[in-house]
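Note that the structure is a prediction, hence the values are computed from the model and not measured.
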Amino acid sequence: MADTAKPARQPSPVKNGYLILYNAASAILWLTVLGRVVGANVTKGPQLVYPTTGEFCKWTQTLAGMEILHSLFGVVRAPFFTTFMQVFSRYAIVWGVTGLFPDLARGFGFGDAWSCLAYSSMLAAWATTEVVRYSYFALSLSTGGNPPYALHWLRYHAFFVLYPVGISSEAYLIWRAVEPARERVDPLYSMVLFGYLALAYPPSAYILYTHMMAQRRKVMRGTKTAKTKKTT
């Protein structure tokens with residue numbers, strides 16, 4: 001009897017090549033951000049992070065808007081809602097907070113030593129996360145789904161530490177931006193920032209964190225099943 005099962009759809013070489021290039025380039029950009037953050041902290045401390053890295057990080061993060069389009073048009077299987085939330089939350093920081101009030105990141109004016117440190121720790125958490133994530137995707141695509149084990153482990157475990165560091169740093173910067181937003185922009189913008197921090201940030205942080213937990217459980221189950229099949 002003939003096998004009537006449909007053959008597995010082969011990935012498009014063009015799409016695969018594009019995604020490898022996009023992820024590899026993004027990994028290099030975020031590695032540059034991480035290197036600048038570490039270098040600034042080693043030489044003169046966190047107050048040097050924004051002057052050396054702020055603008056570069058802003059445009060590196062802006063490039064990540066491509067991921068919304070990737071999800072929207074089915075280039076990748078990432079869910080649109082969580083992808084949009086992740087990208088938007090960072091856009092809010094680099095364009096709507098530190099982009100408008102760079103003294104928060106520099107640690108003077110409306111900023112202080114804690115806001116300066118928060119900016120540095122936020123970029124360190126973002127950059128580490130993205131170097132791991134983009135490297136994992138690039139190597140997974142280029143090796144047929146067999147990235148190095150260490151990278152696989154980091155991809156699904158490092159967020160336990162990096163996500164709380166990043167999200168708490170972001171929240172502190174938004175909170176410190178409420179006052180300069182009222183004085184330098186408009187009281188309405190100050191209310192928007194406060195409302196975003198108080199009402200939108202907690203549920204969005206919970207949704208993103210539980211999404212990552214769900215991804216981890218799914219991947220760990222798949223890895224365990226694959227190991228079981230190999231031993232039977």
*Taking only Lys NZ, Arg NE, NH1 and NH2, and the carboxylate oxygens of Asp or Glu, determine whether Arg90 and Glu67 approach each other closer than 4.0 Å.*
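Salt bridge absent between Arg90 and Glu67.
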
*Glu179/Arg184 salt bridge by N-O under 4.0 Å criterion*: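 No, Arg184 and Glu179 are not salt-bridged.
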
*Which heavy atom in Leu117 sits nearest to a heavy atom in Pro46, and how many Å separate them?*
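It is CA-CB, 4.3 Å.
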
Kindly indicate whether the side chain of [X], heavy atoms from C-beta on, has any atom under 4.5 Å from the side chain of [Y].
{"X": "Ser26", "Y": "Met66", "answer": "no"}
{"X": "Glu130", "Y": "Thr60", "answer": "no"}
{"X": "Trp30", "Y": "Gln61", "answer": "yes"}
{"X": "Leu72", "Y": "Phe84", "answer": "no"}
{"X": "Thr83", "Y": "Phe88", "answer": "no"}
{"X": "Tyr22", "Y": "Phe137", "answer": "no"}
{"X": "Asn16", "Y": "Pro13", "answer": "no"}
{"X": "Trp126", "Y": "Val33", "answer": "no"}

*May I have the step-by-step check of ring pair (Phe, Tyr, Trp, His ring centres under 6.0 Å) for Trp95 and Trp59, ending in yes or no?*
CA-CA 10 Å; Trp95 288 100; Trp59 290 107; 5.2 Å; yes

*Are Phe80 and His70 near enough that their ring centres are under 6.0 Å apart?*
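When the ring centroids of Phe80 and His70 are compared, they turn out to be at least 6.0 Å apart.
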
_OH/Tyr18: more than 12 non-hydrogen atoms of other groups inside 6.0 Å_ =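 Atom OH in Tyr18 is packed in, count exceeds 12.
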
*So does Phe194 have more than 12 non-hydrogen atoms from other groups sitting under 6.0 Å from CZ?*
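For Phe194, atom CZ is not crowded (no more than 12 foreign heavy atoms under 6.0 Å).
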
_Once side-chain contact (heavy atoms from CB on, under 4.5 Å) is applied, do any residues pair with Tyr209, and if so which ones, sequence neighbours excluded?_
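Tyr209: side-chain contact (heavy atoms from CB on, under 4.5 Å) contacts with Phe159, Phe160, Tyr163, Met212, Met213.
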
*What residues form a side-chain contact (heavy atoms from CB on, under 4.5 Å) with Leu151, not counting sequence neighbours?*
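Partners of Leu151 under the side-chain contact (heavy atoms from CB on, under 4.5 Å) test: Val132, Ser135, Tyr136, Leu139, Pro148.
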
*Among Trp114, Tyr50, Tyr172, find the residue that satisfies the ring-ring contact (aromatic ring centres under 6.0 Å, His included) test when tested with Tyr119.*
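Per the ring-ring contact (aromatic ring centres under 6.0 Å, His included) rule, the option paired with Tyr119 is Tyr50, out of Trp114, Tyr50, Tyr172.
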
_Donor + acceptor pair across side chains of Asn41, Ser120 (<3.5 Å)_ =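 Yes, a side-chain donor-acceptor pair sits under 3.5 Å.
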
